[in-house]
Amino acid sequence: MLGNFDGMHMGHLALFDVLAQTADTAELAKVVLSFWPHPVSYMGAPGFGLLLSSREKARILEELGADTFIEYPFDDELRNMPPGDFIKTVVVDQLNAKAIIVGEDFCFGRNREGSAAYLRELSGTHGFDVHVVDSVTYDGERVSSQLIRECVSARNFGRCAELMTRPYQLSGVVEHGKQLGRRLGFPTLNISPSPEKLLPPNGVYLTSASILSDEGGQTYESITNVGVNPTVSEGGAAIKCETYLYDFDEKIYGKEVIINFYDSIRGERKFKDTDALKRQVTSDIETGRTLWKKLMLQ
């Protein structure tokens, strides 16, 4: 299966279904070949962010049952490689592919000259089958990574979850912070998102937090602040993710956490002092409790 698969959304899942069926029938390994960095990111597109970090994508593919996930280095050599050379050198010679699954809009090679139709032309020469999967539409719209990026930027997490078949998420390792939340009476988990990750606009969100462990981990209702905490930070501070877990007060530094986003509570604001900030956080926590109760009743 060839492509970038950012988001592993409904369209990508349709490709994976064909991959799994084809591999099981022909007794082949289920191999997913992607690229790193993302070609759009490599070309320096301003404001471009990924829906899934490398680790997040690998985790989802493992859960789906992929045997091998490859992130092939995307550089100037690959960017300028003729599409036929890419298929011969990488897909045939290195991977010994017997069947290739792509979406109908898949393009590859120098100047995006390669296409699904071109793959079919090459199939006879190299002895592999080609399966081209149609795009998926949902509520009249073609499902795409760009559509989901727009939903994230608009804080429309309900739509994100529909298109991705899972909540929008970010993940990271719990770090030592400035302990501001604990001093205010609201201890939080602090993580630094992957720099390539697309973050929602700065603000406070209704979330859940899954603490990963060898036993599978545990999930807690939570609220999350994404931003720079302007009340207590100087200009230019890095964006952080601070998550308050309901009914939880353990120190879990060094553990990996997945934050799932469900709704927006408010945008980021700068308060006149920490007392005003504390009152607002108290209000945010109560708002989160109310929203979680409504969500559980749906």
Side-chain angles (χ1 to χ4, degrees), residues 1-43 50-52 54 57-138 141-148 163-165:
M1 187 167 91
L2 303 179
N4 288 304
F5 312 117
D6 189 23
M8 281 305 298
H9 54 60
M10 296 172 72
H12 300 142
L13 295 175
L15 266 73
F16 193 89
D17 284 346
V18 175
L19 171 67
Q21 293 167 10
T22 303
D24 289 346
T25 300
E27 297 184 344
L28 300 170
K30 296 185 283 294
V31 178
V32 178
L33 176 65
S34 187
F35 304 94
W36 186 262
H38 191 291
V40 175
S41 178
Y42 184 82
M43 298 301 291
L50 295 179
L51 301 174
L52 292 176
S54 291
K57 188 187 298 184
R59 184 187 298 115
I60 291 170
L61 287 168
E62 182 180 3
E63 292 172 352
L64 288 171
D67 295 306
T68 304
F69 171 48
I70 300 168
E71 286 190 313
Y72 201 86
F74 188 88
D75 53 18
D76 282 347
E77 180 182 359
L78 187 65
R79 182 168 69 93
N80 294 314
M81 185 180 292
D85 290 356
F86 169 75
I87 294 301
K88 173 69 167 59
T89 303
V90 177
V91 179
V92 176
D93 291 349
Q94 295 185 36
L95 298 180
N96 192 30
K98 300 302 181 185
I100 300 176
I101 293 88
V102 296
E104 62 180 355
D105 59 348
F106 177 68
C107 295
F108 63 98
R110 181 183 57 201
N111 298 322
R112 296 170 59 85
E113 294 168 357
S115 64
Y118 183 60
L119 272 178
R120 286 193 168 117
E121 292 179 18
L122 296 175
S123 62
T125 301
H126 296 301
F128 54 70
D129 295 326
V130 177
H131 302 267
V132 181
V133 181
D134 292 339
S135 297
V136 172
T137 59
Y138 185 79
E141 287 187 287
R142 177 181 172 274
V143 180
S144 70
S145 300
Q146 181 55 36
L147 175 60
I148 299 171
L163 299 175
M164 297 177 73
T165 73

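When reading the values below, keep in mind they use all heavy atoms of this one structure, side chains included, and skip hydrogens, waters and symmetry mates.
Here Leu51 contributes atom CG and Asp6 contributes atom CG; the two are 4.0 Å apart, rounded to the nearest 0.5 Å. Note that CG of Leu64 is 5.0 Å distant from CE of Met8, once rounded to the nearest 0.5 Å. Remark: Glu104 CD to Ser115 OG distance equals 12.0 Å, nearest 0.5 Å. Here the CE atom belonging to Met10 is positioned 7.5 Å from the OG1 atom belonging to Thr165, to the nearest 0.5 angstrom. Taken from CZ in Arg142 to CG in Leu163, the straight-line distance is 12.0 Å, to the nearest 0.5 Å. In this structure, His38 NE2 and Leu52 CG are separated by 10.5 Å, a value rounded to the nearest 0.5 Å.
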message: Assess the residue pair Tyr42 and Asp75 against the criterion (side-chain hydrogen bond (donor to acceptor under 3.5 Å, both in side chains)); give the C-alpha distance rounded to whole Å, side-chain angles, the decisive distance to 0.1 Å, and a yes or no.
response: CA-CA 8 Å; Tyr42 184 82; Asp75 53 18; 5.9 Å; no

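Of all heavy-atom pairs spanning Phe16 and Gly65, the tightest one is CZ-C, 4.0 Å. Contact detail for Val132 and Ala116: the closest heavy-atom pair is CG2-CB, 3.7 Å. The shortest non-hydrogen separation linking Arg110 to Pro82 is NH1-CG, 3.6 Å. Across Met164 and Gly7, no two heavy atoms sit closer than the pair CE-O, 3.3 Å. Across all their heavy atoms, Ser145 and His12 have their closest contact at OG-CE1, 3.8 Å. The shortest non-hydrogen separation linking Pro39 to Asn4 is CD-OD1, 3.3 Å.
Using a distance-only test at 3.5 Å, with no hydrogens or angles considered, a donor-acceptor pair links the side chain of Asp67 to the main chain of Lys30.
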Would you mind writing out the side-chain donor-acceptor pairs for residues 91-102 within the sub-3.5 Å range, not counting sequence neighbours?
| unit_1 | atom_1 | unit_2 | atom_2 | d |
| --- | --- | --- | --- | --- |
| Asp93 | OD1 | Lys88 | NZ | 3.2 |
| Asp93 | OD2 | Lys88 | NZ | 2.9 |
| Gln94 | NE2 | Thr89 | O | 3.4 |

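Of the candidates Val90, Leu2, Leu78, Leu119, Phe108 forms a side-chain contact (heavy atoms from CB on, under 4.5 Å) with just one, namely Leu119.
Side-chain contact check for Arg79 versus Met43: some heavy-atom pair is nearer than 4.5 Å. The side-chain heavy atoms of Ile87 and Phe128, taken from C-beta on, include a pair separated by under 4.5 Å.
Around atom CD of Glu62, no more than 12 heavy atoms belonging to other residues, nucleotides or ligands sit under 6.0 Å away.
The side-chain hydrogen bond (donor to acceptor under 3.5 Å, both in side chains) contacts involving residues 16-29 comprise nothing, where partners must be two or more places apart or lie in separate chains.
Note on ring orientation: taking the six-membered ring where Trp is involved, the planes of Phe35 and Phe86 are tilted (angle from 30° to 60°).
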